[in-house]
Visitor: 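Quick one: the structure is below, and I'll ask about it shortly.
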Amino acid sequence: MHAIQKILAKAAGKEKVQAGEIVNCKIDFAEINDLYLQTVYSFYEMGGKEVWDNEKIAFVFDHYSPAPTIKTAQNHKEMRAFAKEQNLKYHFDINAGVCHQVMPEAGVVWPGMILVATDSHTTTHGAFGAFGTGLGATDMATVLISGELWFRVPEVIKIEINGQLQKGVYAKDVILHILGKLKADAAVYKAVEFSGSYVEDLGVAERMTICNMAVEMGAKTAYMKPNHKVIEYVQARTDQEFIIQETDEDFEYAETHVFDVSQLSPQLAVPHSVDNVRSIEEVEKVKIDQAFIGSCTGGRLEDIEQAYKILDGKKIHPDTRLVIIPASTEVYQKAIEMGYVQSLMTAGATFAASGCGPCLGTHAGLLTEGEVCITATNRNFPGRMGSTGAQIYLGSPASVAAAVLTGEITDPREVIKEVEANA
Ligand SMILES: CC(C)[C@H](C(=O)O)[C@@H](O)C(=O)O
Ligand code: SF4
């Protein structure tokens, strides 16, 4: 069995499971975001009275936070009432950030757990060796009532990533490159394991960026075997005991793909699909109107630092706008302490309150017809960030920063070389 299948077997109280088998698993933690008030309605419609465990459920207000409309304010009000009535231990209101950043920071994510959330990017938590997957309102209501849910045991695709990245090339470029090669339907209902020499020593932030976008190839869940950096991160935030499952030597993967990233250029997903990927050399000079750094894909301290290293002491191009939204208040506070916020605001960036915001076009920086945006987020379908007539390029925070410096898509490797030469 694969480590992921062992996680499911343990949660189902079984010795062994196999791909294709349906198993009923105990859930370790469940998160509902503020787009899913329906979960509360379904909970009551299904006869729910008390949640199965009020210490294993989180409400996170992140998609519409702070509430940009009266309707979403009403949703928050009803969800706050439910959280109070059920005495939920974890209720992250409008001052917390994006669920996939807030939960690891709160110490509720650990290796070997089953974490479900009303969000497709719950694959992010494979970065911690967890089985993380997204649910709809009805399944989530079932979990709130019973603390259990059925799963079809997935096959596992192995993505082996080897080599050391060049300066100016980042984890976001790696996952975009993989998506461009394997395409958006490569892993439908399968689990994706990322391994190889590049992954083994990878830090938490980079692991989260890569696992976050596994769902963009249809993955049910993602997995990276925890390294010492992950274990240190988790143990600094929780006393929860955990087991790191080992994949059997003789486990047979459904597919194996091997990538050497040592010569990889910065990558961009170009309009209008996440798997429509080009090396930056093919898309340089595209004029940019607006740029965004943020989200559960690219809003961590390390992402903001990429922009700081390029823009510190400089001014963004007068024809462009840069919106930066730290993925959580904790990230925001650290970015302030590091001087990144002050420097980037002086360069001309606009900061907004932690949350999803422009990533899915709810508020804090939408695009109108004909505007061109480069963003550190994970989806670029028509209408994702506002008008369906806008053009969205997905790239690393460094590619975003290089573009707002020159006003057009620019290779961050060139800009970084210049910054270092003038340092
Ligand atoms: C919550 C939901 C509307 C959606 C998801 O499930 O991913 C959102 O977070 C997104 O990124 O599109
Ligand atoms: S930041 Fe974007 S991708 Fe992440 S949960 Fe929010 S809307 Fe979804």
Side-chain angles (χ1 to χ4, degrees), residues 30-40 58-68 71-72 75-76 79 92 94 96-105 109 115-127 132-140 172 175-176 179 184 205 208-222 269 272-274 292-300 303-304 323-329 331-332 352-367 373 375-386 392 394 397 400:
E31 183 268 335
I32 297 95
N33 63 47
D34 55 349
L35 225 150
Y36 273 82
L37 167 62
Q38 178 57 45
T39 308
V40 173
F59 272 9
V60 183
F61 292 179
D62 51 2
H63 285 71
Y64 289 97
S65 175
K71 173 73 179 86
T72 51
N75 289 3
H76 286 176
M79 291 183 77
F92 300 100
I94 62 167
V98 182
C99 57
H100 302 308
Q101 184 62 23
V102 165
M103 287 194 285
E105 290 174 354
V109 183
L115 165 64
V116 291
T118 54
D119 192 275
S120 67
H121 292 99
T122 309
T123 55
T124 303
H125 307 288
T133 197
L135 301 183
T138 310
D139 280 343
M140 184 55 86
K172 179 65 171 291
I175 188 63
L176 286 174
L179 276 160
M208 292 175 78
T209 296
I210 289 176
C211 290
N212 174 274
M213 290 189 74
V215 72
E216 308 309 333
M217 58 179 112
K220 178 73 181 174
T221 191
H272 291 284
S273 167
V274 66
F292 176 54
I293 291 176
S295 83
C296 54
T297 312
R300 278 172 278 281
D303 300 309
I304 298 168
V323 176
I324 301 179
I325 299 187
S328 71
T329 299
V331 170
Y332 214 144
S354 288
C356 301
C359 178
L360 80 164
T362 56
H363 65 298
L366 276 71
L367 304 170
C373 173
T375 174
T377 51
N378 54 39
R379 285 176 177 164
N380 64 342
F381 54 74
R384 173 66 176 179
M385 299 178 78
I392 305 169
L394 307 178
V400 172

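Note that these values count all heavy atoms, side chains included, but never hydrogens, waters or copies made by symmetry. Just so you know, ligand 1 is whichever comes first in the structure, and atom 1 is the first atom listed for that ligand.
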Visitor: I'd like to know if the side chain of D119 and the backbone of G134 have a donor-acceptor N/O pair within less than 3.5 Å.
Guide: no
Visitor: Pull up every protein N/O/S atom sitting under 2.8 Å from atom 6 (Fe) of ligand 2, skipping waters.
Guide: C356 SG
Visitor: What is the nearest protein non-hydrogen atom to atom 3 (C) of ligand 1, stated with its residue, atom name and distance?
Guide: L35 CD1, 3.5 Å
Visitor: Do D303 and V331 make a side-chain contact, defined as non-hydrogen atoms from C-beta onward lying under 4.5 Å apart?
Guide: no
Visitor: Report, in ascending order of atom number, the atoms of ligand 1 lying under 4.0 Å from any heavy atom of N33.
Guide: 1 (C)
Visitor: Can you measure from CD1 (I94) to CG (D62) and round to the nearest 0.5 angstrom?
Guide: 12.0 Å
Visitor: Does N378 come within less than 4.0 angstrom of ligand 1, counting non-hydrogen atoms of the residue?
Guide: no
Visitor: Atoms of ligand 1 less than 4.0 Å from H121 heavy atoms?
Guide: 7 (O), 11 (O)
Visitor: Is there a donor-acceptor pair under 3.5 Å between the side chain of R384 and the backbone N or O of G361?
Guide: no
Visitor: With distance as the sole test, does T209 use its side chain to make a donor-acceptor pair with the main-chain N or O of A205 at under 3.5 Å?
Guide: yes
Visitor: Tell me the protein heavy atom at minimum distance from atom 7 (O) of ligand 1, and give that distance in Å.
Guide: S120 OG, 2.6 Å
Visitor: Under a 4.5 Å cut-off applied to non-hydrogen side-chain atoms, are P66 and H363 in contact?
Guide: yes
Visitor: Does D119 approach ligand 1 within less than 4.0 angstrom via side chain, backbone, both or neither, non-hydrogen atoms only?
Guide: both
Visitor: What is the minimum heavy-atom distance between A67 and T72, and which atoms define it?
Guide: CB-OG1, 3.6 Å
Visitor: Which atoms of ligand 1 sit under 4.0 Å from any heavy atom of T118?
Guide: 1 (C)
Visitor: Please list, chain by chain and in numerical order, all residues satisfying ring pair (Phe, Tyr, Trp, His ring centres under 6.0 Å) with H76, sequence neighbours excluded.
Guide: F61
Visitor: Of the side chain and backbone of N378, name the one, both, or neither that has a heavy atom under 4.0 Å from an atom of ligand 2.
Guide: side chain
Visitor: Who are the side chain to side chain donor-acceptor pair (under 3.5 Å) partners of N75, not counting sequence neighbours?
Guide: K71
Visitor: I'd like to check the side chain to side chain donor-acceptor pair (under 3.5 Å) partners of S328; sequence neighbours left out, ordered by chain and number.
Guide: E105
Visitor: Just to be sure I read this right, does ligand 1 sit under 4.0 Å from the backbone of R384, its side chain, both, or neither, counting only heavy atoms?
Guide: side chain
